[in-house]
Colleague: 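The structure that follows is given in the form of structure tokens.
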2 protein chains.
Amino acid sequence: MSQRLTRGLIQVYYGTGKGKTTAALGLAFRATGHGFKVHMIQFMKGEVKYGEIKAAKNWPNLTITQFGRPEIIAEPEKVDIEEAKKALALAKKTIEEGEYDILILDEVGVAIEMELINVKDVIEILKAKPPHQEVILTGRYMHPKLLEMADLVTEMKMIKHPFVTQGLQARKGIDF
Amino acid sequence: MSQRLTRGLIQVYYGTGKGKTTAALGLAFRATGHGFKVHMIQFMKGEVKYGEIKAAKNWPNLTITQFGRPEIIAEPEKVDIEEAKKALALAKKTIEEGEYDILILDEVGVAIEMELINVKDVIEILKAKPPHQEVILTGRYMHPKLLEMADLVTEMKMIKHPFVTQGLQARKGIDF
């Protein structure tokens, strides 16, 4: 039986810097160490190559569910909207059921920015959050209304990045 | 047999915002999913209460070694300097042996800021880093020379924090 948070917050990690998804993952890892149950729902990440997917398979109390297609979205297609809506529906279900102590909506900020889902729908769902549940929102972009609604907001600011300064590409084990 | 990174970088996560240690932890979690070996050396964190310590015990390929005493340091004492020097010596050994793919020096920036260790010694050690090894430095503060030396720098900027805005205290499972 998992313990409960007395007061779950809404946390936001956004910005151009590295470390948003990994901060949410690290928080999940730490929380499971105390016996909390974590559900990470990933928007726009229908890829099995991510190390966290492989790692989570062997980790109790951490569930990662991915939505989206493997390709990077240039122009949003019908399938992208459908996938994002499925992800949001699962977020709604996870909040309504209240079984998980921590819910992570990874890249939700970008899904809103790309108009795959509507910020109003996200806000409605978050309003129904039970008091014991912590919700983490990540994304390069984050809608001002979500920044306003959140209790804790951290901006990950890119100061120096080798993709930019050194033309380096994403590396397996580090960047995915 | 662990694969090797072709090119390991020096990464820095610093700033007033939440998510520095957790970003390093999440990176570790992801990397172990791909079979990498990770050693996290924590400065100034001699506490067993942290969820990541409990979690890491059951996680292969992730070693966390803590140095310091449980109390928060107001004025540095001899024991604090001794502990930080031990942590740095282990960092040196880890780099020299090159066995780990990723080395995390958690809170090293604060240990330098508090003059428990010297930035010159840290730089000397980092210069000996083998090409395949990735090193992650975290801390609220980070010495300008380390920011300059790093390949990838992210500032975690506090935009809103309930410790400040709502007087909320650190919560088990989330903040430690």
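By convention in this document, chain letters (A, B, ...) are assigned in the order of the sequence lines, proteins followed by strands, and residues within each chain are numbered from 1. Note: hydrogens, waters and symmetry copies are ignored here, and every other heavy atom, side chains too, is used.
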Colleague: Grab the two heavy atoms, one from R30(A) and one from Y50(B), that are nearest each other, plus how far apart they are.
Modeller: NH2-CD2, 4.2 Å
Colleague: Are any of the side-chain heavy atoms of L9(B) and L168(A) separated by less than 4.5 Å?
Modeller: yes
Colleague: Please flag which part of L147(A) lies under 4.5 Å from any non-hydrogen atom of chain B: side chain, backbone, both or neither.
Modeller: backbone
Colleague: Against chain B, label T21(A) side chain, backbone, both or neither, depending on which of its atoms sit under 4.5 Å from a heavy atom there.
Modeller: side chain
Colleague: So does R7(B) get a backbone contact from the side chain of R171(A), meaning a donor-acceptor N/O pair under 3.5 Å?
Modeller: yes
Colleague: Can you say whether I136(A) sits under 4.5 Å from chain B via the side chain, the backbone, both, or neither, judging by heavy atoms?
Modeller: neither
Colleague: Mind checking whether I53(A) and V38(B) sit in one hydrophobic cluster, side chains of I, L, V, M, F, W, Y counted as touching below 4.5 Å?
Modeller: yes
Colleague: Would a hydrophobic clustering, with Ile, Leu, Val, Met, Phe, Trp and Tyr connected at side-chain separations under 4.5 Å, put L62(B) with F67(B)?
Modeller: no
Colleague: Quick check for you: among G19(A), A24(A), A28(A), G8(A), which has the greatest number of heavy-atom pairs under 4.5 Å with chain B?
Modeller: G19(A)
Colleague: Please round to the nearest 0.5 Å and tell me the distance separating atom OG1 of T32(A) and atom CG of N58(B).
Modeller: 9.0 Å
Colleague: Any non-hydrogen side-chain atom of H34(A) less than 4.5 Å from a side-chain atom of I174(B)?
Modeller: no
Colleague: Between atom NZ of K157(B) and atom CE of M156(A), what is the distance when rounded to the nearest 0.5 Å?
Modeller: 13.5 Å
Colleague: Between M158(A), K57(A), Q11(A), K172(A), which residue shows the highest count of heavy-atom pairs closer than 4.5 Å to chain B?
Modeller: K172(A)
Colleague: Once the angle between the rings of W59(B) and F29(A) is folded into 0 to 90°, is it parallel (under 30°), tilted (30 to 60°) or perpendicular (over 60°)?
Modeller: perpendicular
Colleague: State plainly whether one hydrophobic cluster holds both I159(B) and Y14(B), where clusters connect Ile, Leu, Val, Met, Phe, Trp and Tyr through side-chain heavy atoms under 4.5 angstrom apart.
Modeller: no
Colleague: Identify whether M142(A) and I125(A) are in the same connected component of the hydrophobic contact network (ILVMFWY, side-chain heavy atoms under 4.5 Å).
Modeller: yes
Colleague: Can you tell if the side chain of L152(B) reaches within under 4.5 Å of the side chain of K18(A), non-hydrogen atoms only?
Modeller: yes
Colleague: Is V119(B) linked to V135(B) within one hydrophobic cluster, defined over Ile, Leu, Val, Met, Phe, Trp and Tyr using a side-chain heavy-atom separation of less than 4.5 Å?
Modeller: yes
Colleague: I'd like to know which of F163(B), F176(B), Y13(B) tops the heavy-atom pair count under 4.5 Å against chain A.
Modeller: F176(B)
Colleague: Rounded to the nearest 0.5 Å, how far does NE2 of H161(B) lie from OG1 of T154(A)?
Modeller: 6.5 Å
Colleague: Count the heavy-atom pairs under 4.5 Å between each of P60(A), A150(A), G15(A) and chain B, then report the option with the highest count.
Modeller: A150(A)
Colleague: Against chain B, work out which of E134(A), K160(A), Q166(A) has the most heavy-atom pairs shorter than 4.5 Å and name it.
Modeller: K160(A)
Colleague: At a heavy-atom distance under 4.5 Å, which candidate from T16(B), D151(B), I102(B) has the highest pair count against chain A?
Modeller: D151(B)
Colleague: Between A55(A) and G33(B), what is the shortest heavy-atom contact and its length?
Modeller: CB-CA, 3.8 Å
